Amino acid sequence: MTNPVDFRNYFHFCEFFERSRDIKMASRYFFDLHNGDGATRDEDGLELSTRESVTREVTRILLDVVQDEIGEQPNGAISVVVRDDKGRAVSMANLTFSNSWFEDEIGD
């Protein structure tokens with residue numbers, strides 16, 4: 001004798017399956033820094049699951065570099081190239097900084 005099918009569990013499974021299809025699996029991304037000192041290749045990477053989280057990480061890196069390095073120079077340019085787990089470049093962000101002083105019009 002076979003057991004009757006419990007459709008409630010089947011429907012819960014289908015509902016879970018539909019929701020899980022919208023969840024993106026995390027991928028490893030690598031963030032290579034290019035600045036006045038040359039290129040620094042990221043060998044560790046981070047597991048991230050959305051483009052937004054990759055963008056947040058790129059922004060964090062750029063701001064950290066600006067605080068640490070650009071303040072010592074009047075001009076600078078920084079790039080972050082993002083690679084996926086297959087080594088393909090998938091994104092690039094650039095930041096350019098320039099600070100110019102105007103001549104003091106008031107004599108000493």
Side-chain angles (χ1 to χ4, degrees):
M1 182 167 167
T2 60
N3 292 331
V5 175
D6 186 352
F7 286 105
R8 289 174 301 175
N9 288 338
Y10 176 76
F11 287 123
H12 288 297
F13 172 77
C14 290
E15 185 179 329
F16 170 79
F17 181 74
E18 283 298 314
R19 281 193 313 249
S20 67
R21 286 180 31 198
D22 295 334
I23 299 171
K24 296 183 181 183
M25 299 299 292
S27 295
R28 184 163 293 275
Y29 292 95
F30 299 87
F31 301 85
D32 301 334
L33 177 65
H34 301 264
N35 61 7
D37 297 333
T40 304
R41 189 171 174 90
D42 179 5
E43 299 296 337
D44 300 321
L46 290 174
E47 293 281 331
L48 301 168
S49 59
T50 64
R51 284 185 174 191
E52 291 80 15
S53 59
V54 171
T55 300
R56 278 193 299 276
E57 182 60 19
V58 167
T59 302
R60 186 196 64 75
I61 291 168
L62 289 173
L63 291 174
D64 284 351
V65 173
V66 166
Q67 289 178 337
D68 292 343
E69 296 180 15
I70 298 290
E72 301 167 1
Q73 310 170 39
N75 302 303
I78 308 162
S79 295
V80 175
V81 176
V82 181
R83 293 179 289 117
D84 64 10
D85 56 355
K86 293 177 177 59
R88 297 177 299 202
V90 295
S91 175
M92 182 171 72
N94 300 298
L95 184 111
T96 303
F97 176 80
S98 177
N99 183 33
S100 301
W101 286 92
F102 299 112
E103 292 295 322
D104 188 2
E105 303 249 344
I106 302 173
D108 289 66

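All values below were derived from every heavy atom in this structure, side-chain atoms included, with hydrogens, water molecules and symmetry-related copies excluded. Everything numeric in this text was worked out from a predicted model, so none of it was measured. Position 1 is the first residue of the sequence; numbering continues from there.
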Shortest non-hydrogen contact from D84 to Y29?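 Looks like CA-CD2, 4.1 Å.
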For the student: nearest non-hydrogen atoms of G45 and R28, plus distance: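 Minimum heavy-atom separation between G45 and R28: O-NH1, 3.1 Å.
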Are [X] and [Y] connected in the hydrophobic side-chain network, where two residues link if heavy atoms are under 4.5 Å apart?
{"X": "V80", "Y": "V66", "value": "yes"}
{"X": "V81", "Y": "L62", "value": "no"}
{"X": "L33", "Y": "F31", "value": "yes"}
{"X": "L48", "Y": "V90", "value": "yes"}
{"X": "L46", "Y": "V82", "value": "yes"}

Gap separating the OG1 atom of T59 from the CD atom of E52, nearest 0.5 angstrom: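 The OG1 atom of T59 sits 11.5 Å away from the CD atom of E52.
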CG on L95 to CD1 on I61, rounded to 0.5 Å: 12.5 Å
Around atom CZ of R60, are there more than 12 heavy atoms from other residues, nucleotides or ligands closer than 6.0 Å?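 More than 12 heavy atoms, drawn from other residues, nucleotides or ligands, come within 6.0 Å of this atom.
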Side chain of R83, backbone of D42: donor and acceptor closer than 3.5 Å?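 Pair found, side chain donor or acceptor close to backbone of D42.
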